[in-house]
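Reading through the structure tokens given below for one structure.
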Amino acid sequence: MSRAETPMRQAGAEPPEVAAPGAVRAPSPLWTFGLLRNELVTTFRRWRTLALLGVLAAVPVLVGIAVKIETRDGSSAGGGGGAGPAFIAQITNNGLFLVFTALAATLPFFLPMAIGVVAGDAIAGEANAGTLRYLLVAPAGRSRLLLTKYATVMAFCLVATLVVAVAALIMGALLFPLGELTTISGTRISFADGLGRALLIALVVAASLTGIAALGLFISTLTNSGIAAMATTVGLLITVQILDQIPQLHALQPYFFSHYWLSFADLMREPVYWDNLVNNLGLQALYAGVFGSAAWARFTTRDVTA
Amino acid sequence: MDEVSATEPDPGAGDAEHGVIQTRGLTKRYRGGQLAVDGLDLTVPAGSVFGFLGPNGSGKTTTIRMLMGLIEPTSGTARLLGRPMPRASRAVLPHVGALIEGPALYGFLSGKDNLLRYDAADPTADPRTRRARVAAALDRVGLTAAAGKKAKAYSLGMKQRLGLAAALLQPRRLLVLDEPTNGLDPQGMREIRSLVRELASDGTTVFLSSHLLDEIEQVCTHAAVMAQGRLITQGAVADLAAGARGRLVVTTPDTGDAARVLKEQGVADVVVAEDRVTAEPPEGELAELNAALVTAGVRVRGFVVERASLEDAFVALTGEGFDVAG
């Protein structure tokens, strides 16, 4: 017992602002947004979330510094073997390319890993802490809670992507010149147009993560251990990324959620080459539909014993 | 103990709603085949403080989880405030405050933010009065001074208080409290008991599970006893305790003589333990019995009939102590 506690109040000391018994309000249609707002605030105030975002912000900073150091003598970045993420060679000409490079560098692993942690923990973490039972008897409603969780994970996808993009833009502006840029097709576009495309690319990257977000949420409904759900989601991500590199599996690869991820580069063509972008968004919608439904079917019928 | 039937609700306490909690043949068999709750017929009258007793593993928590819609029954029905569960969860649960298997908190949030979050999850909670209600609930359980502290820094007793505060965020018609005094010191236990009485006097029905029999006896008007998934008995506490007979206790250094004299006087079931001789109280005048003891030269230091406690009733019913059911 701590000294911070004081004896409980005795009868008759209840403040008058507490409503009389029986005066229970009808639910407001906007109530779901109250829960969503609380969920967003709770998620983004967590130290763990901030640490993940910090790691993501560090990637463009490190890439920018590395390119700056490597090109001090006037040589081009990644020039030796042509290795490195997409667009890295153009960074020295235009800092805006650091945005595209940073997104290409984080999309295969860092971004989906962060999503896997947040999505995997969404339900399983609440079950693990026991807070799930109190949310359900509040009563939050199982479908609403699941939707709130998915919306929050999607918001995290967007915020995480924007953190990478904005950190890269600031770093690019500090270290390299800005100005007109050359598309992959060789045409020149204005800086403002380039900035618009950078934002569009960030949105497409965020949308690319909705598939793994739904998958992570589904896994999260299967277990009472947040750690297990996070590890399974990230493990699946790594497995799929490896399988996507094996040529003998090319018949399956178009169905891997990560297969079209790097298609966002096609937005830098003039005119934009839409085929793979549409494939990617369609595939993400399919994953979100299938695993979202599976998560709903599981979560609305399971016994909550934790 | 056949005066109090396991299936008939106490006729004196039945109300128009047929009980705030009513189950019929409620059964839960877990996937492993284990029968956790077996054909439970429970009736909790409105306005009662209802003690729910049973050894660990007897199915109390599974029952509470089914009542709260967290677990789907294998068969049977459960009605809360006259509405079927879990179907009517959204309509019923805002009227029900619950503490289930101890408090569960977000360690990275302050006590106040924990309550704000639970309140935000309630569709009927008015966001305009949220802060005032949270402050009132914190005040009611004596946590105002620690409201801004992160919950992971709370002691077990403070967590228990915060869990109770979450159950008191709104005016409730029913409170389901699973082991509410767990982890509290004697002063905290007394405060909880007075809080329960206070809530009950406001007309809130309190459903209280506990393994502390004297606690149930002190605050509850009604009680039910479970063992191995089955309901053994339910009814008014006074009726339950009356079912078990009291014991005559003679305290004396001359236990051998005392036991002999008591047997000569026709007293049954004489048991000697250390400096006490206990026996079934006889029908006749007790003073005569005492006189007989003194006349025989027994140095009587204490002569009393101990009233049967709920614990005696419990042992008489289950034929066992309060051990974990194998």
Side-chain angles (χ1 to χ4, degrees), chain A residues 1-32 34-39 41-42 45-48 126-142 144-145 148 301-306, chain B residues 65 68-72 89-90 93-96 98 100-102 104-109 113 116-127 129 132-133 136 139-146 149 154-155 157-158 161 166 170-173 185 187-188 191-192 194-195 198 201-204:
Chain A
M1 284 278 151
S2 136
R3 261 168 296 151
E5 292 167 59
T6 50
M8 298 191 195
R9 291 179 69 101
Q10 297 304 305
E14 202 176 331
E17 65 262 40
V18 173
V24 171
R25 219 170 114 263
S28 151
L30 293 176
W31 159 74
T32 307
L35 181 59
L36 178 60
R37 195 178 58 189
N38 183 282
E39 178 70 30
V41 169
T42 305
R45 244 185 357 191
R46 275 193 90 159
W47 184 87
R48 191 187 66 198
E126 299 266 9
N128 196 31
T131 46
L132 181 60
R133 63 176 183 266
Y134 287 107
L135 290 177
L136 291 181
V137 303
R142 295 190 182 207
R144 274 162 200 263
L145 185 60
T148 303
T301 55
R302 81 182 253 204
D303 283 350
V304 176
T305 52
Chain B
R65 281 180 182 273
M68 302 303 291
L70 293 171
I71 290 182
E72 190 86 28
S89 292
R90 282 201 66 197
L93 290 180
H95 299 278
V96 182
I100 308 160
E101 268 192 291
L105 306 168
Y106 299 88
F108 55 93
L109 293 181
D113 287 338
L116 288 173
R117 177 161 170 78
Y118 285 136
D119 198 61
D122 180 350
T124 65
D126 188 347
T129 61
R133 283 182 293 107
D139 192 35
R140 196 153 195 193
V141 297
L143 272 183
T144 301
K149 231 164 106 173
Y154 277 20
S155 67
M158 290 164 82
R161 285 162 188 256
Q170 294 236 66
R172 312 286 192 186
R173 287 171 62 193
D185 56 15
Q187 171 64 20
E191 285 168 19
I192 298 279
S194 87
L195 186 68
E198 187 192 318
S201 71
D202 292 346
T204 306

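Just so we're on the same page: letters track the sequence lines, and every chain starts at 1.
With a 4.5 Å cut-off on non-hydrogen atoms, B:Tyr118 touches chain A through its backbone and its side chain both. Looking at B:Tyr154, neither its backbone nor its side chain comes within 4.5 Å of chain A, counting heavy atoms on both sides. Contact of A:Arg48 with chain B is not made at all, since no heavy-atom distance falls under 4.5 Å.
Nearest heavy-atom pair across A:Arg133 and B:Arg65 is CD-NH2, 3.7 Å. Nearest heavy-atom pair across B:Ala120 and A:Gly34 is CB-O, 4.3 Å. Shortest non-hydrogen contact noted between A:Pro139 and B:Pro123 is O-CD, 3.1 Å.
When the options A:Thr305, A:Asp303, A:Val304 are evaluated for a side chain to side chain contact (heavy atoms under 4.5 Å, CB included) with B:Leu70, the one that passes is A:Val304.
Every residue meeting the salt bridge (Lys or Arg N to Asp or Glu O under 4.0 Å) condition with B:Arg117, not counting sequence neighbours, appears here in chain and number order: A:Glu39, A:Glu126. Residues passing the side-chain hydrogen bond (donor to acceptor under 3.5 Å, both in side chains) test with B:Ser89: none are found, sequence neighbours excluded.
No side-chain heavy atom of A:Leu136 sits under 4.5 Å from any side-chain heavy atom of B:Met68.
Annotation: maximal heavy-atom pairing with chain B below 4.5 Å, among A:Thr42, A:Thr131, A:Leu132, occurs at A:Thr131.
With hydrogens and angles ignored, the 3.5 Å screen pairs a side-chain donor or acceptor of A:Tyr134 with a backbone N or O of B:Ile100.
Rounding to the nearest 0.5 angstrom, the gap separating the CG atom in B:Asp122 from the CG atom in A:Leu135 is 11.0 Å.
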